[in-house]
A.B. asks: 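Mind having a look at this structure? Questions to follow.
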Amino acid sequence: MLSKTIQDALNKQVKMEAESSQAYLAMASWAEIQPGLDGVTNFFYQQSDEERMHMLKLIRYINERGGFAEVPALEQPMITFVSLQRVFEEFLKHEMAVSESINELVGLALHERDFATHNFLQWYVSEQIEEESLARTLNDKLELVGDDKGGIYLFDRDIMLFRGAASPSQSVGK
Ligand code: FEO
């Protein structure tokens, strides 16, 4: 059985994953109406699906442990961006915030001596290492490219390959 403290903290994380999914959906939608960003569009649609999966995994865990996963109301994410660079800066910023939140959760689970939750959260710890690394790689690439249209064309063409290189084991849990 989950303690109230852990249940509340996990529910907060449910909201954060749901908001991540919305944020990346907004990035996908923005990219889709820009000329020539098919790769970036697909990348963020897929990223949004993954965040929904992260949210579902938490919901199932909370309920399985005798708690109640509350489906939260969500804030509207940023929906327009001044540049592609700005999109990916936001992506990295977002992932860093998620990592911090997961780390706090892990600390709380230990403090509360909830070893099952601590164990469950290890999947998220690994996932965040991959996601942050991916976001940094993509930001580094875009910094190299700058405003060069040819570079952006290649970035868009190869974005799924960067994903494979930076994140070799994007596995779906439960
Ligand atoms: Fe589920 Fe990318 O944080």
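The figures here come from the full heavy-atom set of this structure, side chains too, leaving out hydrogens, waters and symmetry mates.
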A.B. asks: Is the Y124 to Y61 ring centre distance short of 6.0 Å?
C.D. replies: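 No; Y61 has its ring centre 6.0 Å or more from that of Y124.
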A.B. asks: The criterion is side chain to side chain contact (heavy atoms under 4.5 Å, CB included); which residues satisfy it with V145, sequence neighbours excluded?
C.D. replies: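 I152.
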A.B. asks: Quick one, N11 and F68 - any side-chain contact, counting heavy atoms below 4.5 Å?
C.D. replies: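 Counting from C-beta outward, N11 and F68 never come under 4.5 Å.
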A.B. asks: Cluster question for you: counting only ILVMFWY and a side-chain heavy-atom cut-off of under 4.5 Å, with indirect links fine, are F91 and M96 together?
C.D. replies: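 Unlinked, F91 and M96 end up in two clusters.
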A.B. asks: Roughly how far, to the nearest 0.5 Å, is the CG atom of L84 from the CE atom of M27?
C.D. replies: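 Between atom CE of M27 and atom CG of L84 there are 10.5 Å.
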A.B. asks: Once salt bridge (charged side-chain N to carboxylate O under 4.0 Å, His left out) is applied, what residue pairs with a partner in residues 10-21 remain, sequence neighbours excluded?
C.D. replies: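 Pairs touching residues 10-21 that pass the test: K15-E19.
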A.B. asks: Please list all pairs meeting salt bridge (charged side-chain N to carboxylate O under 4.0 Å, His left out) that have one or both residues in residues 101-126, counting only residues at least two apart or in different chains.
C.D. replies: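 Counting only pairs at least two positions apart or across chains, the salt bridge (charged side-chain N to carboxylate O under 4.0 Å, His left out) contacts touching residues 101-126 are R65-D114.
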A.B. asks: Working to the nearest 0.5 Å, report the span between OG of S48 and CD of Q22.
C.D. replies: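 Rounded to the nearest 0.5 Å, the OG-CD separation comes out at 7.0 Å.
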A.B. asks: Taking only residues two or more places apart in sequence or in another chain, which ones pass ring-ring contact (aromatic ring centres under 6.0 Å, His included) with F88?
C.D. replies: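 Counting only residues at least two positions away or on another chain, F88 forms a ring-ring contact (aromatic ring centres under 6.0 Å, His included) with F44, F155.
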A.B. asks: If the condition is salt bridge (Lys or Arg N to Asp or Glu O under 4.0 Å), which residues does R136 pass it with, not counting sequence neighbours?
C.D. replies: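 Only E132 meet the salt bridge (Lys or Arg N to Asp or Glu O under 4.0 Å) criterion with R136.
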A.B. asks: Would you say F43 and L134 make side-chain contact, with heavy atoms under 4.5 Å?
C.D. replies: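 Side chain of F43 against side chain of L134, heavy atoms only: contact under 4.5 Å found.
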A.B. asks: The criterion is side chain to side chain donor-acceptor pair (under 3.5 Å); which residues satisfy it with D158, sequence neighbours excluded?
C.D. replies: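 Counting only residues at least two positions away or on another chain, D158 forms no side chain to side chain donor-acceptor pair (under 3.5 Å).
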A.B. asks: State the CD-CD distance between E70 and Q7, to the nearest 0.5 angstrom.
C.D. replies: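 It is 6.5 Å, given to the nearest 0.5 Å.
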A.B. asks: Considering residues at least two apart in sequence or located in another chain, which fulfil the side chain to side chain donor-acceptor pair (under 3.5 Å) criterion with K141?
C.D. replies: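 Applying side chain to side chain donor-acceptor pair (under 3.5 Å) to K141 gives none.
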A.B. asks: Give a yes or no on whether V125 and V98 share a hydrophobic cluster (residues Ile, Leu, Val, Met, Phe, Trp, Tyr; joining criterion: side-chain heavy atoms under 4.5 Å apart).
C.D. replies: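 Same cluster: V125 reaches V98 through Ile, Leu, Val, Met, Phe, Trp or Tyr contacts under 4.5 Å.
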A.B. asks: Is there a side chain to side chain contact (heavy atoms under 4.5 Å, CB included) between M78 and F81? Walk through the geometry before answering.
C.D. replies: CA-CA 8 Å; M78 192 181 287; F81 304 88; 3.4 Å; yes
A.B. asks: Measuring from L105:CG to L110:CG, what's the distance to the nearest 0.5 Å?
C.D. replies: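 Between atom CG of L105 and atom CG of L110 there are 11.5 Å.
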A.B. asks: Can you check side chain to side chain contact (heavy atoms under 4.5 Å, CB included) on Q13 and L121, steps first, answer last?
C.D. replies: CA-CA 11 Å; Q13 192 62 35; L121 289 170; over 6 Å; no
A.B. asks: What's the shortest heavy-atom distance between L58 and L10, and which atoms?
C.D. replies: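 So the two residues come closest at CD2-CD2, 3.8 Å.
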A.B. asks: Ignoring hydrogens and angles, tell me if any N or O in the side chain of Q122 forms a donor-acceptor pair with the backbone of H118 under 3.5 Å.
C.D. replies: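 Such a contact is found between Q122 side chain and H118 backbone.
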A.B. asks: Take atom CD of E100 as the centre, draw a 6.0 Å sphere, and report whether it contains more than 12 heavy atoms from other residues, nucleotides or ligands.
C.D. replies: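 At most 12 heavy atoms, drawn from other residues, nucleotides or ligands, come within 6.0 Å of this atom.
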A.B. asks: Which residues, ordered by chain and number, are linked to V82 in its hydrophobic cluster, where ILVMFWY side chains connect at heavy-atom gaps below 4.5 Å, directly or through other members?
C.D. replies: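 Members other than V82 - counting any ILVMFWY side chain reachable under 4.5 Å - there are none.
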A.B. asks: Indicate the atoms forming the closest heavy-atom contact of P77 with A23, along with that distance.
C.D. replies: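 P77 and A23 have their closest heavy atoms at CB-CA, 3.6 Å.
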A.B. asks: If a pair satisfies side-chain hydrogen bond (donor to acceptor under 3.5 Å, both in side chains) and one of its residues is in residues 27-43, list it, with sequence neighbours excluded.
C.D. replies: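 As it turns out, the side-chain hydrogen bond (donor to acceptor under 3.5 Å, both in side chains) pairs with a partner in residues 27-43, which skip direct neighbours, are E32-Y45.
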A.B. asks: Starting at CZ of R52, measure out to CG of D49 and round the result to the nearest 0.5 Å.
C.D. replies: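 Here the rounded value is 8.5 Å.
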A.B. asks: Please report the closest heavy-atom contact between P72 and V14, naming both atoms and the distance.
C.D. replies: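 For P72 and V14, the tightest heavy-atom pair comes out as CD-CG1, 4.1 Å.
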A.B. asks: How long is the gap from CG on L154 to CG on L144, to the nearest 0.5 Å?
C.D. replies: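 With rounding to 0.5 Å, CG (L154) is 12.0 Å from CG (L144).
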A.B. asks: Do you know which two heavy atoms are closest between A69 and N63, and how far apart they sit?
C.D. replies: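 Scanning both residues, the minimum pair turns out to be N-OD1, 2.9 Å.
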A.B. asks: Just by modelled atom types, is the F115 backbone N or O under 3.5 Å from a matching donor or acceptor in the N119 side chain?
C.D. replies: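 Answer holds: no.
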A.B. asks: Does A97 offer a backbone N or O that forms a donor-acceptor pair with the side chain of S101 under 3.5 Å?
C.D. replies: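 Side chain of S101 to backbone of A97, a donor-acceptor pair under 3.5 Å: no, none is there.
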A.B. asks: Using side chain to side chain contact (heavy atoms under 4.5 Å, CB included), reason through H54 and E131 one step at a time and then give a plain yes or no.
C.D. replies: CA-CA 12 Å; H54 296 173; E131 298 238 1; 3.4 Å; yes
A.B. asks: For L108 versus A9, what's the shortest heavy-atom pair and its separation?
C.D. replies: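 In this case the closest contact between L108 and A9 is CD2-CB, 3.5 Å.
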A.B. asks: According to side-chain hydrogen bond (donor to acceptor under 3.5 Å, both in side chains), does anything in residues 74-96 pair up with another residue at least two apart or in another chain? List the pairs.
C.D. replies: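 Qualifying pairs: S20-H94, Y24-E95, R86-E90, E90-K93, E95-Q128.
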A.B. asks: Quick one: list whatever passes salt bridge (Lys or Arg N to Asp or Glu O under 4.0 Å) with K149, sequence neighbours left out.
C.D. replies: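 Testing K149 for salt bridge (Lys or Arg N to Asp or Glu O under 4.0 Å), a comparison that skips the adjacent residues, returns none.
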A.B. asks: In the single-linkage hydrophobic clustering (I, L, V, M, F, W, Y; side-chain heavy atoms under 4.5 Å), do I59 and I102 co-cluster?
C.D. replies: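 Yes.
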A.B. asks: Locate the shortest heavy-atom distance separating A109 from I6; write the atom from each residue and the value.
C.D. replies: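 In this case the closest contact between A109 and I6 is CA-CD1, 3.8 Å.
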A.B. asks: Give every residue pair that meets the ring pair (Phe, Tyr, Trp, His ring centres under 6.0 Å) criterion with at least one member in residues 3-23, sequence neighbours excluded.
C.D. replies: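 Output for this query is empty, none listed.
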A.B. asks: Are M16 and L74 connected into the same hydrophobic cluster when the rule is that any two of I, L, V, M, F, W, Y join if their side-chain heavy atoms are below 4.5 Å apart?
C.D. replies: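 No; M16 is not reachable from L74 via cluster members.
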